Amino acid sequence: MIRFTALISALLLSSGLATAGPAETFSESCASCHGEDRLGGTGPALIPQTLKRMRGPNLEKVILNGRPATQMPAFADVYSAEEIKAMAAYIKEPLDIVPEWGEDKIAETLTLNEDCVPASKPVFSADPMNITLVVETGDHHVSVLDGDTFEVLDRFETPFAVHGGPKFSPNGRYVFIMSRDGWVQKYDVWSLQQVGRVRAGLNSRNIAISHDGNWLAVANYLPNTLTLLSTKDLSVAAVKDIKGKDGTPSRVSAVYQAAPRESFVLALKDVPEIWEVFYGPNPPHYGFAHDWRVEGPAPHTKPFPVRKITTPDYLDDFFFDQKYEYVMGASRSGEGGQVIDLVIGHKTADLDLPGMPHLGSGITWKYGDTTVMATPHLKDGTVSVIDMETWKTVKRIETLGPGFFMRSHENTDYVWADVFFGPNKDAMHVIDKQSLEIVKTLRPVEGATVAHVEFTRDGSHALVSVWEDDGAVIVYDAATLEEVKRLPMRKPSGKYNVWNKITFSEGTSH
């Protein structure tokens with residue numbers, strides 16, 4: 001299985017290389033793993049877009065000390081501090097030319113696990129619908145948990161820097177995982193085996209799977225494309241260049257599945273537009289005001305037709321209503337938000353959402369005779385609760401600091417919200433769904449980052465991450481809020497329950 005290194009290849013270095021310039025050193029000792037063009041190979045791409053989390057001293061520290069549990073060696077005995085600093089600076093330099101990464105290049109990266117033998121039924125006795133995956137970013141692995149006993153059934157290696165939530169096939173058998181440097185991994189949950197990998201982009205944001213399970217969409221920052229893969233064999237179905245109506249290229253901030261519309265909806269970073277890419281057999285056609293479904297074969301001549309909707313502002317963070325008729329959008333560079341009617345393609349309301357809302361982590365639940373949506377904020381210590389019928393703010397719940405994730409479940413009375421940023425990062429708020437008051441604040445590990453909650457299939461237990469390299473997943477009784485079990489993990493980030501994800505369970509971000 002391919003090993004993904006962190007920064008520099010493990011080739012033996014001759015003493016003469018230590019005096020070479022950073023570009024020459026890279027070419028002679030790093031290119032075989034990371035590519036002559038720094039776009040990656042068995043190791044990740046070494047370009048600013050993929051190394052944003054390793055700025056300055058962090059990047060130098062990795063080169064100096066290596067990275068545990070990978071092929072990345074320590075170079076403290078090879079390079080001086082000045083040479084390591086020069087290498088880090090070279091790696092952070094932007095590329096002169098943005099490379100093309102089209103269908104042929106993507107296809108060349110496809111590797112399938114010849115040892116993978118699909119099982120006719122799960123090879124474990126656990127409920128396959130109550131399996132939970134835990135992404136461990138500390139050493140780039142995923143643990144497969146039995147949702148009833150919390151036993152680890154398997155632990156497999158992932159590409160470097162997994163980003164965005166994994167996506168399950170409609171029956172929960174397969175899961176697709178994406179990394180920041182564009183690799184997409186297919187894993188067979190029933191067989192507990194990797195099926196294969198393909199590099200769909202060079203710097204990617206997230207993935208979405210079609211409701212029929214046939215297609216996987218990959219949102220890319222580099223190049224400015226949307227890659228569409230066949231879920232069956234990870235082959236390339238299409239690569240869409242992302243350019244606004246005026247021809248301006250744009251990064252794709254995120255891609256989402258809109259099942260009732262048989263489409264993928266794209267959030268764009270650099271142009272004020274929303275894109276809708278249709279994958280169904282009979283895409284809609286748009287007239288002057290409304291869309292309609294036509295009888296008989298659709299007259300589109302190309303697969304995956306695109307609809308471009310102009311918006312009043314840049315929107316790179318989305319949340320949808322339950323019918324996927326409306327999209328709530330916000331820009332990471334501004335405040336507030338807006339509601340776009342996807343049927344008519346126009347803004348219908350403004351949202352009072354100061355403090356950079358993180359709509360991608362928003363959730364909904366029944367509140368009296370209406371449905372509300374709640375979102376944390378990345379700058380303010382606030383959780384905003386919005387009425388999904390009037391689009392008005394019901395309440396702003398004051399928290400101990402800015403948060404990143406929220407979760408709930410239809411079978412629990414509570415919403416869980418972390419305090420991801422600031423001095424209170426070890427706090428986890430538990431909020432009553434009807435009173436909209438914080439009923440308890442948990443602090444399971446003093447001083448540690450405590451974040452991201454996932455529920456078991458029946459909502460009886462909540463799983464919380466201690467987001468540290470020597471961290472843990474803590475299992476709580478969702479009714480009593482008492483700790484039940486603690487599972488040691490390597491910097492566990494997201495957790496994803498099969499049933500909650502494939503059924504779009506209430507309280508789960510989609």
Side-chain angles (χ1 to χ4, degrees), residues 6 51-62 64-70 132 134-143 145 150 152 155 161-163 165 355-358 360-361 374-383 397-408 414-431 437-455 461-478 480-496 509:
L51 296 173
K52 289 182 179 179
R53 295 182 181 180
M54 294 185 179
R55 296 172 181 170
N58 291 332
L59 183 54
E60 295 171 25
K61 183 178 178 180
V62 171
L64 184 71
N65 301 321
R67 183 180 289 274
T70 73
T132 295
V134 181
V135 176
E136 298 182 66
T137 59
D139 61 354
H140 314 295
H141 280 73
V142 164
S143 286
L145 297 184
F150 306 109
V152 177
R155 191 171 187 270
V162 167
H163 189 256
M356 195 178 288
H358 188 209
S361 289
T375 178
H377 292 255
L378 302 177
K379 288 186 176 179
D380 289 348
T382 303
V383 169
I397 304 170
E398 185 176 346
T399 65
L400 290 174
F404 203 82
F405 299 106
M406 296 185 68
R407 284 292 187 274
S408 188
Y414 304 122
V415 172
W416 298 55
D418 61 40
V419 184
F420 197 84
F421 306 99
N424 293 302
K425 62 183 181 179
D426 58 356
M428 176 68 69
H429 293 309
V430 182
I431 303 168
E437 299 288 342
I438 296 173
V439 297
K440 191 169 185 177
T441 297
L442 303 169
R443 291 183 183 269
V445 180
E446 184 178 357
T449 299
V450 177
H452 197 277
V453 178
E454 177 61 297
F455 286 83
H461 292 84
L463 283 65
V464 176
S465 288
V466 179
W467 206 313
E468 306 291 343
D469 192 55
D470 58 347
V473 167
I474 303 177
V475 182
Y476 287 92
D477 184 302
T480 67
L481 308 182
E482 297 295 326
E483 182 177 330
V484 174
K485 196 169 186 177
R486 191 169 291 215
L487 309 172
M489 297 277 180
R490 294 287 305 278
K491 200 172 185 179
S493 54
K495 299 164 296 300
Y496 308 90
S509 297

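If you're wondering where the values come from, they're calculated on a predicted model, not measured in any experiment. For the numbers below, each heavy atom of this structure counts, side chains included, while hydrogens, waters and symmetry mates do not.
Counting all heavy atoms, side chain and backbone alike, Pro376 lies closest to Phe405 at CG-N, 4.3 Å. Nearest heavy atoms, Ser143 versus Met489: OG-SD, 3.9 Å. Smallest separation of non-hydrogen atoms from Asn424 and Arg443: OD1-NH2, 3.3 Å. Annotation for Thr375 and His358: closest pair OG1-O, 3.1 Å, computed over non-hydrogen atoms. Nearest approach of Asp426 to Gly447, heavy atoms of both residues: OD2-N, 3.0 Å. Residues Val430 and Leu442 share a closest heavy-atom pair of CG2-CD1, 4.2 Å.
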Apply salt bridge (Lys or Arg N to Asp or Glu O under 4.0 Å) to the pair Glu483 and Arg486, showing each step before the final yes or no. CA-CA 8 Å; Glu483 182 177 330; Arg486 191 169 291 215; 2.8 Å; yes
When you look at Asp469 and Lys491, which way does the salt bridge (Lys or Arg N to Asp or Glu O under 4.0 Å) test go after all the steps? CA-CA 4 Å; Asp469 192 55; Lys491 200 172 185 179; over 6 Å; no
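Using a 4.0 Å cut-off between a side-chain N of Lys or Arg and a carboxylate O of Asp or Glu, Arg155 and Asp139 qualify as a salt bridge.
In this structure, the side chains of Met428 and Thr441 stay at 4.5 Å or more apart for every pair of heavy atoms. In this structure, Tyr476 and Val484 have side chains that are not in contact, with every pair of non-hydrogen atoms separated by 4.5 Å or more. Considering only heavy atoms from C-beta on, Phe420 stays 4.5 Å or farther from Val450 through its side chain. With contacts defined as side-chain heavy-atom distances shorter than 4.5 Å, the pair Thr132/Tyr496 does not qualify.
Note that CG of Asp470 is 9.0 Å distant from CZ of Arg490, once rounded to the nearest 0.5 Å. Rounding to the nearest 0.5 angstrom, the gap separating the CH2 atom in Trp416 from the CG atom in Leu481 is 5.5 Å. Atom CG of Leu145 sits about 7.0 Å away from atom CG of Leu463, to the nearest 0.5 Å.
Checked by atom type, the side-chain pair Ser361/Arg407 shows no donor-acceptor distance below 3.5 Å. Residues Thr399 and His429 bring no donor and acceptor atom of their side chains to less than 3.5 Å of each other.
With hydrogens and angles disregarded, a donor-acceptor distance shorter than 3.5 Å links the side chain of Ser465 to the backbone of Ser493. No side-chain donor-acceptor contact under 3.5 Å links Lys495 to the backbone of Val135.
Phe404 has its ring centre no less than 6.0 Å from the ring centre of His377.
Screening Ile431, Val383, Val453 for a side chain to side chain contact (heavy atoms under 4.5 Å, CB included) with Val415, the sole residue that qualifies is Ile431.
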